[in-house]
K.L.:
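Below: one structure in C-alpha cells.
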2 protein chains.
Amino acid sequence: MGKHSESPLPSRLKIARKTAGLSQEKLGIMAGLDESTASPRMNQYEKGVHAPDFRMVKTLSKILKVPTAYFYCEEDELAKIILTFKSKG
Amino acid sequence: MGKHSESPLPSRLKIARKTAGLSQEKLGIMAGLDESTASPRMNQYEKGVHAPDFRMVKTLSKILKVPTAYFYCEEDELAKIILTFKSKG
DNA sequence: TTACTAAGAAGGTCTTAGCCA
DNA sequence: TGGCTAAGACCTTCTTAGTAA
C-alpha cells in the first residue's frame, strides 16, 4: 500500500486507463511525459506512491475522457453519476 | 493570480467556506491546523498559491459538507449535481 | 512487453514573521 | 478581525537506473 492510499485517484486512474486500453507507459507518453519517465511516473500515480498535480490530472482526464472530479470522488455511487456527465466542449 | 489558478479548488473552497460562514483561520483551526499556521495555509489554498494534499481536502469536505469531488470539478453544471449528492454515511 | 521499485535530485509546500484593508 | 504575502525550512515528487512478472 502506498502512502496516498486514502485517495481515490490510484484506483480510479487504473480503471479509466484499462477502459481506454492503454499501458501505463503509453498513457504517460500521450500525456506529454518523456519516454524515459512515463512508465515510473504513471506507475507511482496508480500505486499511490506519489500524487500528480492538477495540471497532469487535467491532461489525463482529456485523454481518458472522464471529468477531473472523477479521480477525486470517494463515493462509488457519485462516481457513476460523474461518468454519465458529458460537457458541452 | 497564483500558479495553481488552473485548478478549480481555490474558488470552490472559497464558495464552500463562505456558505458555512467561516473565516479562513477558523476553518483551518477546525481542520486541525495550529493557530499560528491556520490563516496563511488556508489563504494559500484559497488564493491558489499552494495546493492541499488529499488528506486535507477530505477533512475540509467533512467540515464544509461537500463531496471531495466538488473541489476538483471544472464544470459548473456538474459541480451543481455533485452538491446535490448526499452520501449514506 | 508491462508493471513496478529504491534512492538521490529537483521542485513543491509549510512555517515564520510580519503588513494591509 | 480577517485577508494576505515573502522567504527559508522542510518535505514531497521526479528522474535515474534498474529488477520482477
Side-chain angles (χ1 to χ4, degrees), chain A residues 1-64 66 68 70-72 74, chain B residues 1-64 66 68 70-72 74:
Chain A
M1 288 290 189
K3 63 203 287 204
H4 290 284
S5 54
E6 69 272 3
S7 166
L9 187 140
S11 60
R12 302 232 182 270
L13 175 57
K14 183 172 190 172
I15 292 166
R17 176 181 63 81
K18 294 239 175 228
T19 299
L22 299 167
S23 69
Q24 294 174 348
E25 186 179 34
K26 180 90 197 294
L27 175 56
I29 290 168
M30 287 174 75
L33 299 179
D34 191 90
E35 285 183 2
S36 63
T37 65
S39 171
R41 275 183 68 179
M42 293 309 303
N43 186 266
Q44 286 158 354
Y45 296 153
E46 213 165 285
K47 297 291 285 186
V49 175
H50 297 311
D53 63 15
F54 191 75
R55 181 183 293 271
M56 174 58 61
V57 172
K58 216 164 146 179
T59 303
L60 294 171
S61 80
K62 280 172 191 158
I63 296 167
L64 299 173
V66 297
T68 52
Y70 173 72
F71 295 111
Y72 301 96
E74 293 188 294
Chain B
M1 290 290 190
K3 62 204 286 203
H4 290 283
S5 54
E6 69 274 1
S7 167
L9 188 141
S11 60
R12 303 233 183 269
L13 175 57
K14 182 172 191 172
I15 292 166
R17 176 180 64 80
K18 295 243 175 223
T19 300
L22 298 167
S23 69
Q24 294 175 347
E25 185 178 34
K26 180 90 197 296
L27 175 56
I29 289 168
M30 288 175 76
L33 299 178
D34 191 271
E35 287 182 2
S36 63
T37 65
S39 171
R41 274 183 69 179
M42 293 311 303
N43 186 267
Q44 286 158 354
Y45 297 153
E46 211 165 287
K47 296 292 283 186
V49 176
H50 297 312
D53 63 16
F54 192 76
R55 181 183 293 272
M56 173 57 60
V57 172
K58 217 165 147 179
T59 303
L60 294 172
S61 80
K62 280 173 191 157
I63 296 167
L64 300 173
V66 297
T68 52
Y70 172 71
F71 295 111
Y72 300 98
E74 294 187 292

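What you are looking at is a predicted structure, and each value in this text was computed from that prediction instead of being measured. In what follows, chains carry the letters A, B, and so on, assigned in the order in which the sequence lines appear, proteins first and then strands, with residues in each chain numbered from 1. Only this structure's heavy atoms are used, side chains among them; waters, hydrogens and symmetry mates stay out.
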K.L.:
Heavy atoms, side chains only, cut-off 4.5 Å: are B:Phe71 and B:Ser61 in contact?
P.N.:
yes
K.L.:
B:Pro40 near the nucleic acid: base, sugar-phosphate alone, or nothing, with a heavy-atom cut-off under 4.0 Å?
P.N.:
base
K.L.:
Would you mind reading off the distance between B:Lys47 atom NZ and C:dT13 atom C1', rounded to a whole angstrom?
P.N.:
18 Å
K.L.:
Nearest to the side chain of B:Arg41, heavy atoms from C-beta on, is which of C:dA3, D:dC14, C:dC14?
P.N.:
C:dC14
K.L.:
Report the residue (A:Lys14 or B:Pro52) whose heavy-atom-nearest nucleotide on DNA chain C is the more 5′ of the two.
P.N.:
A:Lys14
K.L.:
Whole-Å distance between C:dT15 C1' and B:Asp34 CG?
P.N.:
10 Å
K.L.:
Roughly how many Å is it from CD in A:Glu35 to C1' in C:dT2, rounded to a whole number?
P.N.:
15 Å
K.L.:
From C-beta outward on B:Ser36, which listed nucleotide comes closest to its side chain: D:dT15, C:dA3, C:dT16?
P.N.:
C:dT16
K.L.:
Could you tell me the separation between the CD1 atom of A:Ile63 and the NZ atom of A:Lys26, rounded to the nearest 0.5 Å?
P.N.:
9.5 Å
K.L.:
For B:Met42, run the side chain to side chain contact (heavy atoms under 4.5 Å, CB included) check against B:Leu22, B:Ile29, B:Leu27 and tell me which one passes.
P.N.:
B:Leu27
K.L.:
Using only side-chain N and O atoms of A:Tyr45, determine if any of them is under 4.0 Å from OP1 or OP2 of D:dT13.
P.N.:
no
K.L.:
Name the nucleic acid region contacted by B:Glu25, choosing base, sugar-phosphate or nothing; use a 4.0 angstrom heavy-atom cut-off, strictly under.
P.N.:
nothing
K.L.:
What I want to find out is whether A:Glu46 reaches A:Arg17 closely enough, with some N-O distance under 4.0 Å, to be called a salt bridge.
P.N.:
yes
K.L.:
Take atom CG of B:Asn43 and atom C1' of C:dC14, then tell me their distance rounded to the nearest Å.
P.N.:
13 Å
K.L.:
Whole angstrom is fine here: how far is it from CZ in A:Phe54 over to C1' in C:dT13?
P.N.:
18 Å
K.L.:
So, A:Ser39 side chain and A:Glu25 main chain: donor-acceptor pair closer than 3.5 Å or not?
P.N.:
no
K.L.:
Could you tell me how far apart B:His50 (NE2) and C:dT16 (C1') are, to the nearest whole angstrom?
P.N.:
13 Å
K.L.:
Given C:dT15, is OP1 or OP2 found less than 4.0 Å from the side-chain N or O atoms of B:Thr37?
P.N.:
yes
K.L.:
Looking for any heavy atom pair under 4.0 Å, which part of the strands does A:Gln44 touch: base, sugar-phosphate only, or nothing?
P.N.:
base
K.L.:
Take atom CE of B:Met56 and atom P of D:dC11, then tell me their distance rounded to the nearest Å.
P.N.:
15 Å
K.L.:
Can you tell me the distance, in whole Å, between the CD atom of A:Glu46 and the P atom of D:dT13?
P.N.:
16 Å
K.L.:
Among the nucleotides C:dC14, C:dA3, C:dT5, which one has an atom lying closest to any side-chain atom of A:Arg17?
P.N.:
C:dA3
